[in-house]
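These figures come from a predicted structure and were not determined experimentally. Positions are given from 1, in the same order as the sequence printed here.
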Amino acid sequence: MTQSPECNQRRGIKTLEPDTVQETSPRIILHLDMDSFYASVEMQERPELKGKAVVIGADPKQGKGRGVVATCSYEARAFGIRSAMPISQAFVLCPHAIFLPPDFSRYVKVSADIMAILKAHGFPLQQVSIDEAFLDVSQLGTFAAAANLAVRIKDTILTRLGLTCSIGIAPTKVVAKIASDIHKPGGLTAVEPENLFSFLAPMPVRKIPGIGKKTETELFGMGIRTIQDLAAYDTRLLIARFGRSAIALQEIAAGIDRSEVKERDGVKSVSRETTFTENTGDEQLLAATIDALADEVCRNLSDESLHCRTVTVKVRYEGFITRTKARTLPHFTADPATVRTCARSLFCDIFDGRKIRLLGIRLSSFDTCDSRQMKLEV
Ligand code: TTP
Ligand code: MG
């Protein structure tokens, strides 16, 4: 990073001691995120949908549907529709939109094609979700070379798969991710080390991955609105409010992020949830749903050759009150019966008899079959 501490003081930005932040050759991280992924896959396969407001998610049932929007085309976003919005609200915003159910297996296949295109360039690759990945392209040596690579990747994905993506390039993973998001769709944004602070400083704190609505509200209450405000805030007061994690947060705000592109860190969790057509307190139906969800997530687990240790059950009661409870098992497992038993017991712990709108199960803390095998052999 080339900016002097004096210059940062003038801007009100904190830095660590120069010797802990100076890097002789800065890393170059590329973050790619597909544009309106599920919707774009559908539009690619059905050209008559191109240019239309397309919403992927639950059946809207003329505005009486339940469940949420998974994603929507940018044309639909112009009407205010967003991911995770109730599908009934999406219908009100744009009744003439084309509503389609998600076709997950199709998206997983396209995702694998995208990752294969990225992997072919031979750089360390970390897939972080179905439609996004980091590449550590530091070996290219310059940001200009990284930008050329980004253009080639965008072209290949467009030519071979007919899909667009957005790419961010920066010296850290966090900034590369923020950069890939700011000129969507079809963006390419490079933040060179000397521009790191001026890029981050004016952004709203919410841009930092991990800062959600709740933390944002608390930060606003403390007078912290921009990333620069966060970087300049008294660290002791931040720790008093948010605990030790405030240190990492403040480092990110100052452009410091040492996290590496980890090749085997792909899938972090596998989850499935279902929204009932009508809120229900029928214990038999709830138990059967838990079993079906457990079987489904276990199938996903074995597709990915993974074993998990942590099972989380999510219950959303009528009125949108959500409870979750997690348990970490003593051993890694992919066994549906084990997951079912654990999920049922977690459900019993949080079920208070009220009617339920949604049930979900998430599996996390993974070990791959390969690494488990290796441990057994030791
Ligand atoms: P995102 O990359 O967050 O969204 P996106 O690709 O649809 O749009 P953008 O151009 O803003 O990147 O998520 C990737 C896919 O994950 C998305 O196409 C659908 C799915 N998804 C959900 O099912 N529910 C959600 O709440 C979100 C955010 C995404
Ligand atoms: Mg995306």
Side-chain angles (χ1 to χ4, degrees), residues 102 104-105 107-109 111-112 115-116 119 124-134 173 209-210 212 243-245 248 258-276 282-317 322-353 356-378:
F104 296 111
S105 54
Y107 311 143
V108 169
K109 283 198 193 92
S111 172
M115 297 306 150
K119 217 174 172 55
L125 166 78
Q126 179 181 358
Q127 180 176 357
V128 280
S129 80
I130 193 162
D131 83 328
E132 60 176 318
F134 289 102
K173 282 169 75 177
R244 306 292 298 170
S245 62
R258 298 176 196 84
S259 60
E260 287 175 12
V261 173
K262 295 191 205 102
E263 297 213 57
R264 292 205 64 139
D265 206 10
V267 184
K268 287 225 166 55
S269 69
V270 168
S271 59
R272 267 282 171 279
E273 51 187 51
T274 191
T275 305
F276 294 103
D282 177 342
E283 292 190 26
Q284 257 184 340
L285 173 63
L286 292 166
T289 306
I290 291 273
D291 287 354
L293 289 169
D295 289 352
E296 248 189 275
V297 280
C298 285
R299 242 192 330 272
N300 289 352
L301 213 57
S302 56
D303 288 349
E304 301 279 349
S305 304
L306 293 168
H307 289 74
C308 75
R309 272 187 77 189
T310 305
V311 180
T312 307
V313 167
K314 170 171 159 185
V315 173
R316 180 167 293 149
Y317 291 104
T322 306
R323 299 268 318 270
T324 60
K325 186 159 186 190
R327 182 167 304 150
T328 297
L329 301 162
H331 307 289
F332 287 99
T333 186
D335 171 37
T338 308
V339 172
R340 258 185 256 144
T341 308
C342 180
R344 276 192 182 218
S345 141
L346 287 167
F347 173 73
C348 288
D349 290 349
I350 47 180
F351 182 46
D352 61 10
I356 289 178
R357 177 184 171 87
L358 172 151
L359 270 182
I361 298 183
R362 187 171 79 238
L363 304 181
S364 54
S365 312
F366 294 138
D367 196 3
T368 64
C369 292
D370 287 354
S371 58
R372 195 180 67 132
Q373 197 71 40
M374 274 160 52
K375 277 182 198 153
L376 288 176
E377 282 166 9
V378 170

Checklist entry - Short question: side chain of Ser111, backbone of Tyr107 - any donor-acceptor pair under 3.5 Å? => result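 Pair absent, no side-chain N/O of Ser111 close to backbone of Tyr107.
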Next on the checklist: Strictly distance-based, threshold 3.5 Å: is any side-chain N or O of Thr289 a donor or acceptor partner for the main-chain N or O of Leu285?
Outcome noted: yes
Next on the checklist: Do Arg362 and Thr324 pair up side chain to side chain, a donor and an acceptor below 3.5 Å, judged on atom types alone?
Outcome noted: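 No, because no side-chain N or O of Arg362 sits under 3.5 Å from a partner of the opposite role on Thr324.
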Checklist entry - Taking the side chain as C-beta and beyond, is there a heavy-atom pair between His307 and Leu301 under 4.5 Å? => result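 No - every pair of side-chain heavy atoms lies 4.5 Å or more apart.
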Least distance between heavy atoms, [X] atom then [Y] atom:
| X | Y | result |
| --- | --- | --- |
| Pro336 | Asp295 | CB-OD1, 3.5 Å |
| Ile290 | Ala343 | CG2-CB, 3.7 Å |
| Tyr317 | Ile350 | OH-O, 2.6 Å |

Item to check | Intermediate values then yes/no, side-chain contact (heavy atoms from CB on, under 4.5 Å), Val315 and Phe351 | outcome: CA-CA 8 Å; Val315 173; Phe351 182 46; 5.6 Å; no
Item to check | Residues His331, Thr338; criterion side-chain contact (heavy atoms from CB on, under 4.5 Å); working and verdict | outcome: CA-CA 11 Å; His331 307 289; Thr338 308; over 6 Å; no
Point-to-point distance, once rounded to the nearest 0.5 Å, from [atom1] of [X] to [atom2] of [Y]:
| X | Y | atom1 | atom2 | result |
| --- | --- | --- | --- | --- |
| Gln127 | Met115 | CD | CE | 4.0 Å |
| Ile356 | Glu283 | CD1 | CD | 9.0 Å |
| Leu363 | Thr312 | CG | OG1 | 8.0 Å |
| Cys348 | Lys325 | SG | NZ | 10.5 Å |
| Thr275 | Leu358 | OG1 | CG | 4.0 Å |
| Phe104 | Glu296 | CZ | CD | 9.0 Å |

Next on the checklist: Strictly by salt bridge (Lys or Arg N to Asp or Glu O under 4.0 Å), give each pair with a member in residues 307-316 just once, sequence neighbours left out.
Outcome noted: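 Non-adjacent pairs meeting salt bridge (Lys or Arg N to Asp or Glu O under 4.0 Å): Glu273-Lys314.
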Checklist entry - Can you tell which of Lys262, Glu263, Lys173, Glu132 makes a side chain to side chain donor-acceptor pair (under 3.5 Å) with Gln126? => result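 The single option meeting the side chain to side chain donor-acceptor pair (under 3.5 Å) with Gln126 is Lys173.
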Item to check | With sequence neighbours excluded, residues passing side-chain contact (heavy atoms from CB on, under 4.5 Å) with Ser364 | outcome: Ser269, Thr310
Checklist entry - Is there a side-chain contact (heavy atoms from CB on, under 4.5 Å) between Leu293 and Val297 once you walk through the steps? => result CA-CA 6 Å; Leu293 289 169; Val297 280; 5.7 Å; no
Item to check | Salt-bridge present (Arg327, Asp349; N to O < 4.0 Å) | outcome: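 Yes, charged N to carboxylate O under 4.0 Å.
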Checklist entry - Passes side-chain contact (heavy atoms from CB on, under 4.5 Å), Leu125 versus Val261? Steps please. => result CA-CA 7 Å; Leu125 166 78; Val261 173; 5.8 Å; no
